J.: 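Here you go, one structure.
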Amino acid sequence: MSGWIDISQVLTEKIPVWPGDSPFTYRLTWSKEETGSVNVGQVVMSTHTGTHIDAPFHFDSDGRRVIDLDTDLYIGNARVIHLHRPQAITSRELSGEDLTGVTRLLIRTDAWTERSAFPSSIPAIDPDLAPWLSQKGIRLVGLDLPSVDPLNSKALPAHHALNHHGIHILEGLVLDHVAPGDYELVALPLPLADGDGSPVRAVLKPQKT
Ligand SMILES: Nc1ccccc1C(=O)C[C@H](N)C(=O)O
Ligand SMILES: [Zn+2]
Ligand SMILES: [Zn+2]
């Protein structure tokens, strides 16, 4: 037992995607029978499928691409907190938390647990939370939802506010089986030179105290 807990959605053709976005497909380009030596697969997917990070270029055409993001953001200590199906994620919901020394904050909302279908509505992050979080030293926010903004939002105020305050975004986590507390996180994006986002394999290990 390695002690690492997988907090990633499994990538299969059944994984729900943003309405209208490219469905996930995996198929063999060549089978072992055809090549005489190997099976060789190909994947077609939206960069915002399942557990993934957003690069600023996703919502800002002058923003940084995935390759420009510091890998340190996605490896290191993380705090997991629980909010039980909040209406919204504001500083009021987080007021009971002492986030001193936290750089990566993962929020379990339990608001999207029927993950075989795309949700019809989700609690959004209040853009005013961005300066509050950054003031505490937070540089990465992750959550168990497909977006940090309301699903019908075009302006994406939370995406912009978080980016403006130097906070990076990790979406689509699976935190159903994760207790609140301190962990080590690994959730590295692929080195996509032009990427607006990237799928990640996200794992947590309880922090030794
Ligand atoms: N894939 C899309 C297709 C159309 C419109 C939005 C999206 C998104 O992915 C937005 C979401 N806030 C995201 O960052 O994952
Ligand atoms: Zn995304
Ligand atoms: Zn997003």
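Note that the structure is predicted; figures quoted are calculated from it, not measured. Both ligands and their constituent atoms are indexed starting at 1 by order of listing.
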J.: Pick one: which of Thr71, Val200, Leu73 meets side-chain contact (heavy atoms from CB on, under 4.5 Å) with Leu188?
T.: Thr71
J.: For the backbone of Pro150 and the side chain of Ser153, can you confirm whether one donor and one acceptor N or O come within less than 3.5 Å of each other?
T.: no
J.: Could you confirm whether His52 has any N/O/S atom lying under 2.8 Å from the Zn ion (ligand 2)?
T.: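 Coordinating: yes.
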J.: For Asp54, what is the atom name of its N, O or S atom nearest to the Zn ion (ligand 3)?
T.: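 It is OD2, the N, O or S atom of Asp54 closest to the Zn ion (ligand 3).
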J.: Kindly check if the number of other-residue, nucleotide or ligand heavy atoms within 6.0 Å of CD (Gln42) is above 12?
T.: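 More than 12 heavy atoms, drawn from other residues, nucleotides or ligands, come within 6.0 Å of this atom.
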J.: Which atom, counting only N, O or S, brings Glu171 closest to the Zn ion (ligand 3)?
T.: OE2
J.: Counting only heavy atoms not in Arg65, do more than 12 sit closer than 6.0 Å to its CZ atom?
T.: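 Yes - once you tally the heavy atoms of other residues, nucleotides and ligands closer than 6.0 Å, there are more than 12.
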J.: In plain terms, say whether Asp176 and Arg115 are close enough for a salt bridge, that is, a side-chain N and a carboxylate O under 4.0 Å apart.
T.: yes
J.: Compile the protein residues with any heavy atom at a distance under 4.0 Å from an atom of ligand 1; present them by chain, then by number.
T.: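 The 4.0 Å shell around ligand 1 contains Trp18, Asp21, His48, His52, Asp54, His58, Pro146, Ser147, His159, Glu171.
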J.: Under a 3.5 Å cutoff, is there a donor and acceptor pairing between the side chains of Thr100 and Asp98?
T.: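 Yes - a donor-acceptor pair under 3.5 Å links their side chains.
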J.: Find, among atoms of His48 that are N, O or S, the one nearest to the Zn ion (ligand 2), and state its name.
T.: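 The His48 atom nearest to the Zn ion (ligand 2), restricting to N, O or S, is ND1.
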J.: NZ of Lys205: more than 12 outside heavy atoms within 6.0 angstrom?
T.: yes
J.: Do other residues, nucleotides or ligands put more than 12 heavy atoms under 6.0 Å from His82 NE2?
T.: yes
